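First comes the structure, then the notes that go with it.
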Amino acid sequence: MDSESRLPPGIQNVLDQLENSDIVSIEGVVTGIISIIGDPDATAKDLKEIIEIDPPLTARVLFLANSAYYAPKVKIVDIMQAIIFVGFDAIKELALNQKVAHIFKEDDAIGAYSMIALWKHCVATALFAKLIYRREFRERGDDAYTAGLLHDIGLIALQQFLPDDFRRILGAVADGGPSMTEAETRHLGFDHAALGEAIAGFMNFPEAMTKAIGAHHGVPASASRLTQTLILADCMTRRNNLGYGPCSGEEEKHYAACIDRLGIHEKAVQLIIADVNEEIARMEKRGLLNYEG
Ligand SMILES: [Fe+2]
Ligand SMILES: [Fe+2]
């Protein structure tokens, strides 16, 4: 990345440790699926090839395609069959979920925080962002979904590469201390959003997504529609107690600003909330929020 030399030393230090990490191990498949999402001409064969370069992911997708959630009448034995039976979009989402979930697998609970709780927050944020795009903008929202899934990747990196600082930050946040982003900035000189943006850049994610990840605790006024949607979706998960969502303390103000800027009616918000809660409950019941590949 061109701007690497201009990054704060703390962020550069984390990027230097990324090679051979779990975080970077998802890059190939995740960027492959992102490129399929961004390509209207992409075919089922392209998706099959991306999934099949990753045997554990292939096994996991087949396992889930054969689960009671999808209930096929005949056993599904390959990815093409899964795409035909479950659907192109559903398998794309499922494979992306499972691959990204891979970096959340260590469940080290620290107070209210755990990787599983953060993962639930990220999946719910992805679902909110996608439904806002589909219902309000009449667009597919695949990139909004992906941005939601990955928006707190900086927090995963903090836990992995700066575990002592991470514990201190969580300790400071507990019991009415400063907000997460404030505590991060005080301890490290940067927050998980800035670190997430640097990681997304390092992993060559699309620019709009990279910027949205960096700005997801920022001020919505000058933000892109994707960023505003991500800010709103992130707030919605906290308002609905879906997992553990780190915050900046400015969320309620930003929530109202995003609702206003995006022109979303309260009634539509309530319908989206009901659908996301239902989908999360269904995913939890069927084990789709876990990764065991
Ligand atoms: Fe965040
Ligand atoms: Fe978040």
Side-chain angles (χ1 to χ4, degrees), residues 8 10-11 110-113 117-133 136 144 147-159 162 165-166 168-200 208-266 268-270 272-273 276:
I11 290 184
I110 310 168
Y113 171 83
L118 181 64
W119 175 233
K120 185 174 175 179
H121 164 75
C122 291
V123 173
T125 303
L127 288 170
F128 275 124
K130 180 179 78 174
L131 285 189
I132 291 167
Y133 261 67
E136 300 301 313
L149 215 51
L150 292 161
H151 77 284
D152 277 328
I153 196 167
L155 207 69
I156 298 291
L158 283 186
Q159 181 174 4
L162 301 170
D165 292 304
F166 186 65
R168 270 196 286 275
I169 288 163
L170 286 177
V173 167
D175 303 325
S179 71
M180 178 68 99
T181 55
E182 222 177 302
E184 288 168 338
T185 306
R186 275 188 210 169
H187 275 75
L188 304 166
F190 58 88
D191 64 22
H192 69 274
L195 178 57
E197 180 176 2
I199 292 170
M209 190 182 299
T210 300
K211 283 200 169 134
I213 288 172
H216 80 267
H217 289 297
V219 180
S222 55
S224 68
R225 191 178 60 168
L226 176 62
T227 301
Q228 288 175 5
T229 302
L230 192 54
I231 293 172
L232 185 55
D234 186 58
C235 285
M236 287 164 107
T237 67
R238 261 186 304 278
R239 284 186 150 211
N240 291 281
N241 297 316
L242 293 166
Y244 180 93
C247 64
S248 69
E250 300 288 311
E251 274 75 14
E252 287 307 309
K253 211 167 67 191
H254 293 167
Y255 180 90
C258 288
I259 289 277
D260 195 41
R261 288 183 165 272
L262 296 171
I264 303 177
H265 294 291
E266 191 52 37
V269 170
Q270 293 310 321
I272 290 172
I273 288 170
V276 170

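Because the structure is a prediction, the values reported are computed rather than measured.
Closest heavy-atom contact between V219 and A223: O-CB, 4.1 Å. Residues H121 and T237 come closest through the heavy atom pair ND1-OG1, 2.8 Å. When all heavy atoms of H151 and I213 are compared, the pair lying nearest together is O-CG2, 3.6 Å. Taking both residues in full, the closest heavy atoms of A198 and I11 are given as CB-CG2, 3.5 Å, listed atom of the first, atom of the second, then distance. Smallest separation of non-hydrogen atoms from L226 and A147: CD1-CB, 4.4 Å. For the residue pair A172 and H187, the shortest heavy atom distance occurs at CB-CE1, 4.3 Å.
Looking at heavy atoms from C-beta onward, V173 lies out of side-chain contact with Y113 at the 4.5 angstrom threshold. You'll find the side chain of L150 stays beyond 4.5 Å of the side chain of I199, heavy atoms only. Two residues are said to be in side-chain contact when any heavy atoms from C-beta on lie closer than 4.5 Å; L195 and L188 fail this criterion. Side-chain contact check for F190 versus T185: every heavy-atom pair is 4.5 Å or farther apart. In this structure, E252 and R239 have side chains that are in contact, with non-hydrogen atoms separated by less than 4.5 Å. Put simply, the side chain of L158 does not reach to within 4.5 Å of the side chain of D165, judged on heavy atoms. Within the 4.5 Å cutoff, side-chain heavy atoms of R186 are placed close to those of P178. Using a 4.5 Å cut-off on side-chain heavy atoms (C-beta onward), Y244 and M180 make contact.
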### Message
Evaluate L230 against F128 for side-chain contact (heavy atoms from CB on, under 4.5 Å), listing each step before the verdict.
### Response
CA-CA 8 Å; L230 192 54; F128 275 124; over 6 Å; no
Between R225 and R261, does a side-chain contact (heavy atoms from CB on, under 4.5 Å) hold up when you go through it step by step?
-> CA-CA 9 Å; R225 191 178 60 168; R261 288 183 165 272; over 6 Å; no
- Residues V276, L242; criterion side-chain contact (heavy atoms from CB on, under 4.5 Å); working and verdict: CA-CA 10 Å; V276 170; L242 293 166; 4.2 Å; yes
Note to self: side-chain contact (heavy atoms from CB on, under 4.5 Å) for R238 and C247? Distances and angles first, verdict last.
What the structure shows: CA-CA 9 Å; R238 261 186 304 278; C247 64; 3.7 Å; yes
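Note: L232 CG to T125 OG1 = 10.5 Å, rounded to the nearest 0.5 Å. Atom CG in L127 sits 13.0 Å away from atom CD1 in I273 (nearest 0.5 Å). Rounded to the nearest 0.5 angstrom, C122 SG and I156 CD1 are separated by 7.0 Å. Atom CD1 of I272 sits about 10.0 Å away from atom CD of Q270, to the nearest 0.5 Å. D234 contributes atom CG, which lies 11.5 Å from atom CE of M236 (distance to the nearest 0.5 angstrom).
In terms of modelled atom types and a separation under 3.5 Å, the side chain of D191 and the main chain of A193 share a donor-acceptor contact. Q228 places a side-chain N or O within 3.5 Å of a backbone atom of P220 that can act as its donor or acceptor partner. In this structure a side-chain-to-backbone donor-acceptor pair under 3.5 Å is present from S179 to S248.
Centroid-to-centroid, the aromatic rings of H254 and H216 stay 6.0 Å apart or farther.
When each of E250, H192, E184 is paired with H217, the side chain to side chain donor-acceptor pair (under 3.5 Å) condition holds for H192 and for no other.
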